[in-house]
Amino acid sequence: EKTPGQHDEL
Amino acid sequence: MNIFRFLGDLSHLVSIWLLLHKMTTSKSCTGISFKTQALYALVFATRYLDLLYGSWHSMYNVAMKIFFIGSSLYILYLIKVPFKPTRDPAIDTFKLEYLVGGALIMSLIANYEYSFPEILWSFSIWLEAVAILPQLFIIQRTGEAENITTHYVAALGAYRGLYIPNWLYRYFAEGFFDPIAVIAGIIQTVIYLDFFYIYFTKVLKGQKFELP
């Protein structure tokens, strides 16, 4: 599950 | 961080270096789409200003974000100020309204949360997927491109292509799956396929990039 605000990619 | 993602990011840095190298050595921005560059600046601004509200993953991540925002603004400056006389706006006519409008609609349909930062992030992902189109449109219209310009586009395409094995790796090794980034990323990579076909069959064999 994707957690909002956890975008660690560029 | 895995090798595919690292090589992808490296390829992204190389693409920006190639673009700056082309412009500063030839003192011109002939054949470069200002519209594509403006879209990338918008992509970086909407995705990476999350730095302002504390989205700090690592020094690597922060340094890259600052570099991409800074270099994209510098490129816009180069095209608009010192090299302005070398730009031909008459061939850079792709309609940005469709790309920005489409990305806006997609960001409202496909996002992880109805919050300003998440919609902004999704917008930047969808916009990046199509941001190269004005540049490819110029190449298609003029039917040819300088080799350095094709190397620039190829390095950008390689960056996007390498993110696909990165997602496969992350899915199997970390259980990480980001459907929005993956779907938009696959669309973005598919957009490059035609270009790559000519790049591999002509440019890498020493011929000029010319459309049949």
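Protein chains get the first letters and strands the later ones, always in sequence-line order, with residue 1 at the start of each.
The most heavy-atom pairs under 4.5 Å with chain A, out of B:His12, B:Met1, B:Arg170, come from B:Arg170.
Between A:Leu10 and B:Arg5 the shortest side-chain heavy-atom distance does not fall below 4.5 Å. Counting heavy atoms from C-beta outward, B:Tyr112 and A:His7 have side chains that approach closer than 4.5 Å. The closest side-chain heavy-atom distance from A:Glu9 to B:Asn166 is below 4.5 Å.
Contacts of B:Asn61 with chain A are made by both backbone and side-chain atoms, with heavy-atom separations under 4.5 Å. At a 4.5 Å heavy-atom cutoff, B:Tyr53 makes no contact with chain A through either its backbone or its side chain. With a 4.5 Å cut-off on non-hydrogen atoms, B:Phe68 touches chain A through its side chain but not through its backbone. Contacts between B:Trp56 and chain A at a heavy-atom distance below 4.5 Å are absent for every atom of the residue.
Heavy atoms from other residues, nucleotides or ligands lying under 6.0 Å from OH of B:Tyr197 number 12 at most. Annotation for B:Asp194: atom CG does not count as buried by contact number, only 12 or fewer foreign heavy atoms lying within 6.0 Å. For B:Tyr74, the OH atom sits in a loose shell: 12 or fewer heavy atoms of surrounding residues, nucleotides or ligands are nearer than 6.0 Å. Counting non-hydrogen atoms of neighbouring residues, nucleotides and ligands closer than 6.0 angstrom, the OH atom of B:Tyr169 reaches no more than 12 such neighbours.
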